[in-house]
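Since the structure comes first, as structure tokens, the remarks are kept for the end.
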Amino acid sequence: MAYRPIPDSVAAIEEDVLRAWDEEDTFSLSLAARDDAEDFVFIEGPPTANARPGVHHILARTIKDVIARYRTMAGFRVPRKAGWDTQGLPVELEAEKQLGISGKPEIERLGIQKFNDVCRQNVFKYQDEWEKLSRRIGYWLDYDNPYVTYAADFIESGWWALAEIEKKGLLYRGYRVVPYCPRCGTGLSSHEVAQGYKDVNEPSVFIKFHLIDDADDARILSWTTTPWTLPGNLGLAVSEDIVYVRVRILEASKHEKKPAPQGPGGARPGEVLILAKDRVEAVIKHSYEIIDEMPGSELVGRRYEAPFPAAIDAEGFDAAWTVLAADFVTAEDGTGVVHTAVMYGEDDFRLGTAVGLPMQHTVGEDGRFLESVPGGLAGMHVKDKETERAIREWLVENDVLYFREMYKHSYPHCWRCDSALLYMARDSWYIRTTAVKDRMLAHNASIDWHPPETGTGRMGEWLSNNVDWALSRERYWGTPLPIWVCSNESEHRVVVGSYEELAERAGPLPADFDPHRPGIDALGWACEEDGCGGRMDRVPEVADAWFDSGSVPFAQWHYPFENDDVFERQFPADYIAEGVDQTRGWFYSLLALSTILFDKAPFRAVVVNDQVLDATGRKMSKTRGNAVDPWEAIEAYGADVTRFYFMSGSNPWVPKRWDPAALRETDRKLFATLRHTYRFFALYAGEESWSHTTEASSVRERHDLDRWILARLDAVIDEVGAAYDGFDLTTAARRIQEFAVDDLSNWYVRRSRDRFWATRPDGKPSETQDAFATLHECLVVTARLLAPLAPFLSDWLHRALTDGASVHLADFPTSTDRSEPELVQAMNDVRQLAGLGRAAREEAGVRTRQPLAALHAVVPEGRGLSPRMAALLADELNVKEVVLLRESGNLVGLSAKAQFGTLGPKHGARTPIVAKALNALPSKILERLRAGETVAVEVEGVEIQVEPGDVTIVEETQTDLAMASGGGFVAALDTELTELLRQEGTAREIVNRVQRLRRDAGLEVSDRIRLGVAGSKVVERAVSEHTGYIAGETLADVVLVGEGEAVGLDMTEVEIDEFSVTIGVERIER
RNA sequence: GGGCCCGUAGCUCAGCCUGGUUAGAGCGCCCGCCUGAUAAGCGGGAGGUCGGUGGUUCAAAUCCACCCGGGCCCA
């Protein structure tokens, strides 16, 4: 049969394969083929379909795909449901942008219904693009039946989960300080905050709080990096254990070169300031004297003047504007006195609750100061530059600013809209994840993390500092919280766990019920508590979108309302794979919900990938304009190459630089080699009319090269299988590449070339069938090994080699018992010697085409070189014979290399001296050691027993032959040229020139020719002596030597060394 | 301030867990070779204080401590 010619272009190959997949629906077939098999469960982490996929998504999706394809081939059924994350802030932001509005008031003015309609339409704005890219890179997923987080079924499962959480008493409403985005108008969960830390340089201020009724008229000095919280100040926290001092400002500045204070504010000579003793040096900019020292406890209870007196009505709160004791205060930064704004800090809020401070806001939901705030600040946005200036002016006017300086720190920003977050006390719904912290830690420890340190470190550390999950979002497009609360008594509440339950209470629902706002907001009923008479209304919030993604394991099946059996089978998942940024994102939300609802780890294994950086190692970002378009990459290099590059370059969890040079290299190295190897195979299988239905001899009877490459193949099958099993895709990729390039192409095919044509020049019968059968098997198996990583070329090759069967429907190869350790070792030795022999040739300046008489070789002790191996080596190096120096008895001396591993424990500090002595041992003693004797040797006056294992003995040679050595091997070439050798060399040169002429003339490899050669006597004699050889190599039926003979041939002049030769090649028509 | 990762040749990375003699690949560069796969392939060479300092040890890229630089994540 004829094997298909392989297209030159990668794109053509990949398009061929894509077409085949579409036509036969290979993905479905691959699932159907495993219908009765055990499930290997994968969950697709849902991408948000409201942004274009980037090149890093190829990395993440490749990992997912490789493992799924491998497990399928290994005998599992691996269903892969696509999924889309469709709710939450990102979608709302996109809608706002499209509608040209911004912020909650404008949304409500427009109407929630209209707004949510736009959200819904926008969700799949980029879905096509995601699907297109995913298909093109060969990421197999069931895109026809995806789970969609906004679907009513999906949301109902979420409701069920929340009702369960309520039943367990883990759902509560709390007034807590949360990171709040004033632009989005919602609090963020801790794992969202985790996404948005940025380094900022902001003003921090040292404030003088004027004590009331103080003998020195002293001011307590406090420090804050958030001046906007000062109007909300209600207390000053000190530590009872820290020592505080009163310092009096003297006239001169302490820092002569840099007179302080900088900027406005400052302190007048004679003014008395109070702060922690340890902070004086760092904080006080003037020269000063310490006039008193006291523990913080002495300050507690003192009253001071409010910096913004009217901002808060503290009538009836005795603790307001007093010094308070708190255990969170340290003297490590600031002044050892912490300004406390009850509503704007977690510690502050806790302290305020404890001592009874008023809970009043000075900042509104929109991030602007309320009317009560003096100084013209009302209505100003707290984070604006002008606001900062206005606050500063107020502080200066009221003589409370001591010092202002820029302070660099990292501060959380909204991960979507980039606004600086404000810590604000908000009413919010929580899941009490802290109640299951230990269980989460235990489950996390059971997960097979790749790499492990992400599990133990990043995730583990995070979990041990777990805080309750702030679940609610005061937004519009999301899973509505199914919580109905009584208008009379907030303790009367119902968490609705299904639409059926809702219908029972609120009346029948339409068939196509949509649970989204605002429709759901209108549903209510009379409070069911006896005699209450209140009305049950839904709380206005929606759920954090992470709640949706965390619900995927059950909600994708609409569990528990249907598909119980599927869910049971598919939970927990066997593996997931996402970016490291999901540690506190999806990985966490999965773990939290799974622990609360099922007390199980939601996935058994996870492969974490890091980012893809640009070529210079910087993060890719749209704003920087250094993001690589995934389509460009695929057009330039193909999907296989891109996938393989990501997998083979380094482990997925190492940050990667996008390296076009490495991509090209990947193509040239592995993929081009495979294409060439196939082309070679197909060409000669065609010439020799071989097909894989041809009977070959049993492996035992085959040539050394065949048995060797098959032994290697088996070893590689085991290594690659084990690597895939262990999620070690990088090792799998590298092992395959080494085999395909180094072993198969660069040695097996290279050494076997002439075994692929039946008419061998030497006239001996060849084992062509065996060679074809062996190469065919190697190619088929390599395709299968490679299939998960490079699904395109592997499938193309597999189909071409096996009558059209897709590689993705094949089983993963298993090794058979064909290992031949001695043969593999011997072949390694030969390859070592071949390398050294080439080096020796280069040393001697003798080209390989010139035959030489002999190679004198040394192999490491205990190893030999069979005649067949020697012949192989002789052929490779173009020498007449290979002589083992040991056997020829020539030129061999011995030298020793001390083995530190065994010597060290025996000789301790004397090891280096002993080693030196042993390395100098004479051959006579080494002979005895080699024979297995233990020998007594004197080292610096001390006799030691040297055992055979203490040294490695290497054979050495003293020779004037061209030689190279290394690793216990020596290759020495006899470079003396006899007349015969010269002639033969010339004959080979002629062959080489003729082959070039054949190719230049566009001849087929099997075309027969008439050959004419003319030149000097030396050349003509060489040709005459080797006519048979030349004819055989060049497929010349007729060889005409000499000017007079080669008449009628079109002669070309070529150079061979110093001779000029004319050669004529003419195809013989048959 | 804390957690995790990384720092080895001009570049991209192995090796480190389990210490052992002259630290390996690939790319790039220089030189050479081969070619019945050929806009390929092979070999050789130059190139490294293994981020720094200290420690443990007969012996440290490897183990420990501290520091420096980079990244990610948090406070």
Side-chain angles (χ1 to χ4, degrees), chain A residues 8 190-191 193-195 197 330 332-333 346 409-412 451 453-462 464-465 579-581 583-584 610-611 613 615 617-619 645 648-651 653-657 659 661-662 664-666 668-669 672-673 675-684 687 730 734 737-738 741 745-747 749-750 753-754 756-757 761 834-843 845-849 878 897-916 919 952 964 966 991-992 995-996 998-999 1003-1007 1033-1035:
Chain A
D8 286 321
S190 50
H191 36 288
V193 178
Q195 324 272 324
Y197 274 82
T330 70
E332 274 161 29
D333 53 17
E346 221 176 310
H409 62 144
S410 92
Y411 192 83
E453 56 269 17
T454 301
T456 52
R458 193 173 278 220
M459 188 64 159
E461 294 290 335
W462 155 262
S464 30
N465 296 314
V580 66
D581 52 333
T583 310
R584 273 94 160 163
D610 208 314
Q611 322 185 9
L613 308 169
R618 292 181 315 169
K619 197 170 168 167
Y645 157 76
S648 65
S650 58
N651 278 315
W653 47 86
V654 178
K656 267 169 238 323
R657 292 189 185 195
D659 184 359
R664 279 191 296 276
E665 171 66 12
T666 302
R668 277 216 306 262
K669 193 97 194 164
T673 301
R675 292 193 298 266
H676 282 305
T677 307
Y678 172 81
R679 193 171 292 142
F680 175 89
F681 165 83
L683 176 61
Y684 293 108
E687 290 297 331
T730 304
R734 288 177 177 171
Q737 172 161 325
E738 285 159 11
V741 175
S745 172
N746 287 345
W747 192 253
V749 173
R750 173 186 164 81
R753 272 207 196 102
D754 63 6
F756 288 95
W757 35 97
L836 292 171
R838 274 183 227 116
R841 265 190 183 273
E842 185 172 346
E843 173 95 355
V846 186
R847 67 167 78 93
T848 311
R849 273 197 298 271
N878 196 20
K897 269 176 118 181
Q899 287 302 293
F900 282 74
T902 56
L903 292 174
K906 281 193 270 189
H907 301 292
R910 286 169 48 80
T911 307
I913 314 167
V914 174
K916 207 175 159 195
N919 285 344
T952 320
V991 169
N992 171 263
Q995 302 294 25
R996 283 191 214 169
R998 282 183 62 112
R999 184 168 42 255
L1003 269 61
E1004 298 293 327
V1005 292
S1006 57
D1007 284 339
E1033 289 289 332
T1034 62
L1035 301 188

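Numbers restart at 1 for each chain; the letters A, B, ... are given by sequence-line order, proteins then strands.
- One N or O donor and one acceptor, one from the side chain of A:Ser745 and one from the base of B:A37, sit under 3.5 Å apart.
- If you take atom P in B:G10 and the same atom in B:C5, they sit 27 Å apart, rounded to whole Å.
- Rounded to whole Å, atom P of B:A37 lies 12 Å from atom CZ of A:Phe756.
- Between the P atom of B:A37 and the CD atom of A:Gln995 lies a distance of 9 Å, rounded to the nearest Å.
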**Prompt:** Just the dot-bracket of RNA chain B, please: which string comes out with Watson-Crick or G-U pairs under 3.5 Å, [ ] for crossing, | for another strand?
**Reply:** ((((((((.[[[[.)....(...]]]].(((((.......))))).....[[[[[..)....]]]]]))))))).
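- Under 4.0 angstrom from either OP1 or OP2 of B:C42 there lies at least one side-chain N or O belonging to A:Asn746.
- Nucleotides B:G54 and B:C31, compared at atom P, are 43 Å apart to the nearest Å.
- Going from atom NZ of A:Lys669 over to atom P of B:G41 covers 7 Å, rounded to whole Å.
- The listed nucleotides are B:G26, B:G36, B:C34; the one nearest the side chain of A:Glu665 is B:G26.
- Between the P atoms of B:G26 and B:G70, the separation comes to 32 Å (whole Å).
- Across all strands, A:Arg753 comes closer than 4.0 Å to base atoms (heavy-atom distances).
- A:Arg734 places a side-chain N or O within donor-acceptor distance of the main-chain N or O of A:Ser648, the cut-off being under 3.5 Å.
- Side-chain N/O atoms of A:Arg849 include one lying less than 4.0 angstrom from OP1 or OP2 on B:C34.
- Projected onto RNA chain B by closest heavy-atom contact, A:Thr848 and A:Arg668 fall at different nucleotides, the more 5' of which corresponds to A:Arg668.
- Distance A:Asn992 CG to B:C33 P: 12 Å, rounded to the nearest Å.
- Separating the P atom of B:A60 from that of B:A25 is a span of 24 Å, rounded to the nearest Å.
- Atom C1' of nucleotide B:G36 and atom CZ of A:Phe681 are separated by 17 Å, given to the nearest angstrom.
- Residue contacts for A:Arg998: at a heavy-atom cut-off of 4.0 Å it reaches no nucleic acid atom on any strand shown.
- Looking at residues two or more places apart in sequence or on another chain, you find no side chain to side chain donor-acceptor pair (under 3.5 Å) involving A:Glu1004.
- With sequence neighbours left out, the side chain to side chain contact (heavy atoms under 4.5 Å, CB included) criterion links A:Gln737 to A:Phe644, A:Lys669, A:Leu670, A:Val741.
- B:U22 and B:C34: their C1' atoms are spaced 31 Å apart (whole Å).
- Atom name P, nucleotides B:C64 and B:A23: the rounded distance is 23 Å, in whole Å.
- Remark: A:Ala682 pairs with A:Tyr3, A:Tyr678 by the side chain to side chain contact (heavy atoms under 4.5 Å, CB included) rule, at least two apart or across chains.
- Close to B:A40, at under 4.0 Å from its OP1 or OP2, lies no side-chain N or O of A:Arg750.
- Distance CG (A:Asp610) to P (B:U12): 15 Å, rounded to an integer number of Å.
- The residue A:Tyr684 sits close to a base: some heavy atom pair falls under 4.0 Å.
- Nearer to the 5' terminus of RNA chain B, by closest-nucleotide assignment, is the contact made by A:Ala662 (compared with the other of A:Arg675 and A:Ala662).
- Remark: A:Arg675 engages A:Asp667 in a side chain to side chain donor-acceptor pair (under 3.5 Å) (not counting sequence neighbours).
- Between A:Arg841 and A:Asn878 there is a side-chain heavy-atom pair separated by less than 4.5 Å.
- The A:Arg734 side chain lies nearest to B:C13 when the options are B:G36, B:A37, B:C13.
- One C1' atom belongs to B:C16, the other to B:G7, and the distance between them is 13 Å to the nearest Å.
- Residue-level contact check: A:Thr583 touches neither bases nor backbone, having no heavy atom under 4.0 Å from any strand.
- Remark: the separation of the C1' atoms in B:U53 and B:C68 is 10 Å, to the nearest Å.
- Residues meeting the salt bridge (Lys or Arg N to Asp or Glu O under 4.0 Å) test with A:Arg668, sequence neighbours left out: A:Glu665.
- Within 4.0 Å (heavy atoms only), A:Thr1034 reaches no atom of the nucleic acid at all.
- When rounded to the nearest whole Å, the span between CD of A:Gln737 and P of B:C27 equals 10 Å.
- When the C1' atom of B:A39 is taken as reference, atom NE2 of A:His676 falls 9 Å away, rounded to whole Å.
- The main-chain N or O of A:Gln995 is never found under 3.5 Å from a side-chain atom of A:Glu1033 such that the two would form a donor-acceptor pair.
- Counting heavy atoms from C-beta on, the side chains of A:Tyr684 and A:Arg753 never come closer than 4.5 Å.
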